[in-house]
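Read through the structure below, which is laid out as structure tokens, and then see the notes.
As the structure lists them, so they are numbered: ligands from 1, and atoms in each ligand from 1. Scope of the values below: all heavy atoms of this structure, side chains included, with no hydrogens, waters or symmetry mates.
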Amino acid sequence: MKHKIAILPGDGIGPEIIAEARRVLEVLQSEQGLSIETEQADIGGSAYDAHGHPLPASTLKVAREADAILLGSVGGPQWETLERALRPEQGLLGLRSELALFANLRPAILYPQLVSASTLKPEVVSGLDIMIVRELTGGIYFGQPRGVRTLDDGQRQGFNTLVYSETEIERIGRSAFEIARKRSGRLCSVDKANVLEVSELWREVMTGLADEYTDVELSHMYVDNAAMQLVREPKQFDVMVTGNMFGDILSDAAAMLTGSIGMLPSASLDSQGKGMYEPIHGSAPDIAGQDIANPLATILSVSMMLRYSLNEAALAERIDTAVGSVLDTGLRTADIASAGTQTVGTRAMGDAVVAALQSG
Ligand code: IPM
Ligand code: MG
């Protein structure tokens, strides 16, 4: 069966890291029998420049028709003054919402070779393997009403709405319980139930689900404590489930435990397992076009795509092994470099992974 993959490079370092991920796909295609058909489309600021909108109808069509989507990154200073609806981020948020990609899986895995790249002590992070399950199409990111209004006294007031329905909580809860069941059987739900009604409901629904998943041990934690525990003793966590904004913040913190945000892939899935795959880092406009960005998070996103949407786990395994063996040789992009390693650029890192795949 031929898999249809939509490729959306986006802005900043997006195009360079996607180029390396494409080469990985091409090797799997020419040498490992992966049958794919790719179509590239514009998203974000570059889509605004070319079509006047960060999520053009043509891109949405390509994304809808694909079995999986591979995305680079969006955003950059030149688009920050546009009205909100036209900003690059809306391209990404629009895709998540239009395609109902509600389950965002953000694994934070520390490669043993990168222990010294983390800012935390080796004993705190070595062996780290956490999965953050972030709700991606609801919460304060999408809640209505929202805006900036003028009050009676003439000053302006900004407002957003944090809402979650039982259905939304239940479906992300089920995803998280299913994942926990396949891992260590421990799930920590993160909320702010001591202050927010929406979190109280969140906790109630999660607790209700626990009756069905008796093989999973559910715990609850307030988000401020969770942020602290993540840097204090991260290995206490296995699977964490949380809402959209808390998940945005906690997943960046978790990423840094692993040495670099440049290493972490993500999957955003709908209820059928169709998904969008992207590195969790942003477009890093400050280093764009310099051949220094780390392509590994994007290459590992290809691995997640093969595993979660295309049912090609063996090929995913090959990519993971290839990345590990490249790290074994001591090659590092600047973000993960440390004493005794050899710093290489984006393209050379891609070369190394391709070579490892060919010899593996
Ligand atoms: C992420 C990013 C996005 C988010 C931005 C670019 C809209 O930070 O994927 O974590 O906040 O979800
Ligand atoms: Mg983020």
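- Residue Asp248 places a heavy atom less than 4.0 Å from ligand 1.
- Dense packing is recorded around CD of Glu212, with more than 12 heavy atoms of other residues, nucleotides or ligands lying under 6.0 Å away.
- Checked against a 3.5 angstrom limit, the closest N/O atoms of Glu89 and ligand 1 fall outside it.
- Assignment of Arg87 to the shell around ligand 1 is not supported, since no heavy atom sits closer than 4.0 Å.
- Taking the Mg ion (ligand 2) as reference, Asp248 places its N/O/S atom OD1 nearest.
- Here the shortest heavy-atom pairing between Val326 and Met349 reads CG1-SD, 3.6 Å.
- Residue Arg134 touches ligand 1 through its side chain alone, judged by heavy-atom distances below 4.0 Å.
- What sits closest to atom 1 (C) of ligand 1 on the protein, heavy atoms only, is Arg106 NH2, 3.3 Å.
- Residues Asp49 and Trp79 come closest through the heavy atom pair OD1-NE1, 3.1 Å.
- Annotation: atom 4 (C) of ligand 1 to nearest protein heavy atom, Tyr141 OH, 3.5 Å.
- More than 12 heavy-atom neighbours from other residues, nucleotides or ligands sit within 6.0 angstrom of CD on Glu123.
- Between the side chains of Ser283 and Asp11, no donor N or O sits under 3.5 Å from an acceptor N or O.
- Enclosure of atom CG in Asp152 is not indicated, since only 12 or fewer non-hydrogen atoms of other residues, nucleotides or ligands lie within 6.0 angstrom.
- Residue contacts with ligand 1: Arg96 is placed with a nitrogen or oxygen under 3.5 Å of a nitrogen or oxygen of the ligand (distance criterion only).
- For the 3.5 Å distance criterion, the side chains of Thr137 and Glu135 qualify, holding a donor opposite an acceptor.
- Counting heavy atoms under 4.0 Å from ligand 1, residue Met245 does not touch it at all.
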